[in-house]
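One structure is given below, encoded as structure tokens.
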Amino acid sequence: ILMHLSIYKLRPDVHAVVHSHAPISTGFATAGRGLQQPISPEVIVGLGCVPLADYGLPGTPALSETLEPYLPHYNAILLANHGLVTYGANLWQAYYRMETVEHTAHIALVAHLLGGARELPDSEVSKLLHARER
């Protein structure tokens, strides 16, 4: 609950938090890999990227402390060796973000197995980020 309370405290726009141990995104977290490659327009527009927070013992202030640098800038964070947390204005938005991260992790895993993801060019990422701001 400390993690949830920290998110609410630092993000007054947030009214719902979803924490999961979704298998593929948790696999990325356990492997020490965030989801920061620009490979999917939906993620760039919907989430930006999904960083990986350092490990913090669940149920302790240490877990919340590892999230604090990311909370103002991201709407989804992978928790090293633990899972995933997403948040939003309402429960549906927070849940949808969690589903989007898990779907993206699945795509990234398959792309890796097929020889590696092809990142979108910087010019296209810029266009998508501009669309996100609108």
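Not one N or O on the side chain of His21 forms a donor-acceptor pair closer than 3.5 Å with the backbone of Leu84. In terms of modelled atom types and a separation under 3.5 Å, the side chain of Ser64 and the main chain of Leu2 share a donor-acceptor contact. Put simply, the side chain of Glu102 gets close to the backbone of Ile24: a donor and an acceptor are under 3.5 Å apart. The main-chain N or O of Tyr55 is never found under 3.5 Å from a side-chain atom of Thr66 such that the two would form a donor-acceptor pair.
No more than 12 heavy-atom neighbours from other residues, nucleotides or ligands sit within 6.0 angstrom of NE2 on His106. By the 6.0 Å contact criterion, NE2 on His103 is open, its count of non-hydrogen atoms from other residues, nucleotides or ligands being 12 or less. Other residues, nucleotides and ligands place no more than 12 heavy atoms under 6.0 Å from the CD1 atom of Ile1. Few gaps surround CG on Asp13; more than 12 heavy atoms of other groups in view lie less than 6.0 Å from it.
In the hydrophobic clustering of this structure, Val125 groups with Val45; members are Ile, Leu, Val, Met, Phe, Trp, Tyr whose side-chain heavy atoms approach within less than 4.5 Å, directly or through other members. The same ILVMFWY cluster, assembled from side-chain heavy atoms under 4.5 Å apart, contains both Val85 and Tyr8. At a threshold of 4.5 Å between side-chain heavy atoms, the hydrophobic network of Ile, Leu, Val, Met, Phe, Trp and Tyr places Leu63 and Val14 in one connected group. Tracing side-chain contacts under 4.5 Å through hydrophobic residues (I, L, V, M, F, W, Y), one reaches Ile7 starting from Tyr74; they form part of the same cluster. Connection of Tyr96 to Leu91 is not established within any shared hydrophobic cluster, with ILVMFWY side chains joined at heavy-atom distances below 4.5 Å, either directly or through further cluster members.
Pairing each heavy atom of Ser6 with each of Leu71, the nearest pair is O-CD1, 4.1 Å. The shortest heavy-atom contact between Pro69 and His73 is O-CD2, 3.5 Å. Across Tyr87 and Tyr70, no two heavy atoms sit closer than the pair OH-O, 4.4 Å. Of all the heavy atoms in Ala76 and Val50, the pair that sits closest is O-CG1, 3.7 Å. Scanning all heavy atoms of the two residues, the minimum distance from Arg11 to Pro72 falls at CD-CA, 4.1 Å. Taking each heavy atom of Gly34 and Phe28 in turn, the nearest pair found is O-CD2, 4.2 Å.
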Worksheet entry | Criterion side chain to side chain contact (heavy atoms under 4.5 Å, CB included) on Leu129 and Ile44, from CA distance to verdict | CA-CA 7 Å; Leu129 291 174; Ile44 293 168; 3.9 Å; yes
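Using a 4.5 Å cut-off on side-chain heavy atoms (C-beta onward), Leu128 and Leu120 make contact.
Trp92 and Tyr95 have perpendicular rings, their planes meeting at more than 60° on a 0 to 90° scale where under 30° would count as parallel.
The OG atom of Ser20 sits 9.0 Å away from the CG atom of Leu79 when rounded to the nearest 0.5 Å. Here CG of Leu35 is found 11.5 Å from OG1 of Thr100. Values are rounded to the nearest 0.5 Å. Here Leu47 contributes atom CG and Arg132 contributes atom CZ; the two are 7.0 Å apart, rounded to the nearest 0.5 Å. Of the inter-residue distances, the one linking Leu67 atom CG with Met3 atom CE reads 6.5 Å to the nearest 0.5 angstrom. Rounded to the nearest 0.5 angstrom, Cys49 SG and Ile39 CD1 are separated by 12.0 Å. Interatomic distance, Glu119 CD to Gln36 CD, rounded to the nearest 0.5 Å: 10.5 Å.
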